[in-house]
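On a predicted model such as this, the values are computed, not experimentally measured, just so you know.
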Amino acid sequence: MSIESLPLARRPIDEPDIDEAGGSSVTIAWELLRAAGSLKITVVMFLAATFLLFVGTLVQDEMNLPEVKAEYFNSWVAWIHYADFFPVTVFGESKLKGGFPFPGGATIGFILLCNLVAAKVTRFHVAAKGQRLVWGSVLTLIGGLVTAGVILTGHRADGLQGKPPFDYVVVWRMVQAGGLLLAAGLAAA
């Protein structure tokens, strides 16, 4: 199967040319980006996150949730105690001492973010053109603005039962109008 016979979205992105000296700085940067976007990194980080979640769940036997969040999930490096694997409620007091360092939630999240960006930059490209690209960009922008609005209006000092910035009837009418506009746009396309 030749590259020309692949659908446009499945074709590899053009890679920089290698010069006679063995590689330019652009080529080296491109290869580093490709390596940083590896699926192997994604899998290892998901396994690390699962292990950290497991340990953080076990530790809640002796610590409260804010302490666990601070020590394991919001930290760059978490110290995993051997005694954490033997909850007091099941095994009684553990006499195990020591532990080992492990990447914290902040480290795992940062590596996953870099991995995602590198994968997007090196493996995916925009296949839409013309009006489809414009409408896709507009809908993405609207979705981002709606998401930002939900986030910004959700953190209210007076709690969930406080007076919302818009009456619920107004919000429902806005949803209905947006649905009609979307249906009209899809019918016109």
Side-chain angles (χ1 to χ4, degrees), residues 9-10 12-13 15 25-127 136-137 139-166 171 175:
R10 301 284 291 169
I13 296 176
E15 297 180 17
S25 59
V26 172
T27 305
I28 293 169
W30 183 260
E31 290 302 318
L32 286 174
L33 263 178
R34 285 185 54 149
S38 168
L39 184 59
K40 292 175 184 176
I41 293 173
T42 308
V43 170
V44 168
M45 288 298 106
F46 274 125
L47 288 173
T50 303
F51 177 75
L52 190 67
L53 181 65
F54 172 70
V55 172
T57 303
L58 290 176
V59 170
Q60 288 183 36
D61 186 42
E62 298 178 32
M63 301 168 73
N64 62 29
L65 186 58
E67 292 171 337
V68 172
K69 281 177 59 179
E71 190 170 326
Y72 292 91
F73 304 129
N74 294 341
S75 66
W76 291 96
V77 177
W79 185 260
I80 309 291
H81 302 276
Y82 295 129
D84 293 345
F85 296 103
F86 302 98
V88 174
T89 55
V90 177
F91 297 101
E93 276 301 317
S94 175
K95 302 213 186 307
L96 288 173
K97 301 290 183 214
F100 57 93
F102 195 79
T107 302
I108 293 170
F110 181 73
I111 292 172
L112 281 171
L113 176 67
C114 293
N115 176 258
L116 175 67
V117 170
K120 289 286 187 187
V121 167
T122 58
R123 290 191 179 87
F124 302 105
H125 65 281
V126 177
S137 300
L139 286 176
T140 300
L141 180 65
I142 290 170
L145 291 173
V146 169
T147 302
V150 168
I151 291 170
L152 293 174
T153 59
H155 285 283
R156 300 181 50 86
D158 51 359
L160 292 174
Q161 300 301 319
K163 186 176 183 306
F166 300 106
V171 172
V175 169

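- Qualifying side-chain contact (heavy atoms from CB on, under 4.5 Å) partners for Phe51, counting only residues two or more places apart in sequence or in other chains: Val55, Phe85, Phe100, Phe102.
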Could you give the side-chain donor-acceptor pairs of residues 62-69 under 3.5 Å, partners two or more places apart or in another chain?
residue, atom, partner, partner atom, Å
Asn64, OD1, Glu67, N, 3.0
Glu67, OE1, Asn64, N, 3.2

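- Residues forming a side-chain contact (heavy atoms from CB on, under 4.5 Å) with Leu33 (at least two apart in sequence, or on another chain): Ala118, Val121, Thr122.
- Legend: residues meeting side-chain contact (heavy atoms from CB on, under 4.5 Å) with Ile142, ordered by chain and number and at least two apart, are Val138, Val146.
- Applying the ring pair (Phe, Tyr, Trp, His ring centres under 6.0 Å) rule to Phe46 yields no partners; only residues at least two apart in sequence or on another chain are considered.
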Please step through side-chain contact (heavy atoms from CB on, under 4.5 Å) for the pair Tyr72 and Leu53, ending with a clear verdict. CA-CA 9 Å; Tyr72 292 91; Leu53 181 65; over 6 Å; no
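- The list of side chain to side chain donor-acceptor pair (under 3.5 Å) pairs with a residue in residues 46-58, not counting sequence neighbours, is empty.
- Remark: Leu58 CG to Phe86 CZ distance equals 10.0 Å, nearest 0.5 Å.
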Please output the side-chain donor-acceptor pairs of residues 108-117 that fall under 3.5 Å, not counting sequence neighbours, one pair per line with the distance.
residue, atom, partner, partner atom, Å
Asn115, OD1, Thr42, OG1, 2.4
Asn115, ND2, Ala36, O, 2.9
Asn115, ND2, Ser38, O, 2.9

Scan the side chains in residues 75-83 for donor-acceptor partners under 3.5 Å anywhere in the protein, sequence neighbours excluded, and list what turns up.
residue, atom, partner, partner atom, Å
Ser75, OG, Glu71, O, 2.9
Ser75, OG, Val77, O, 3.4

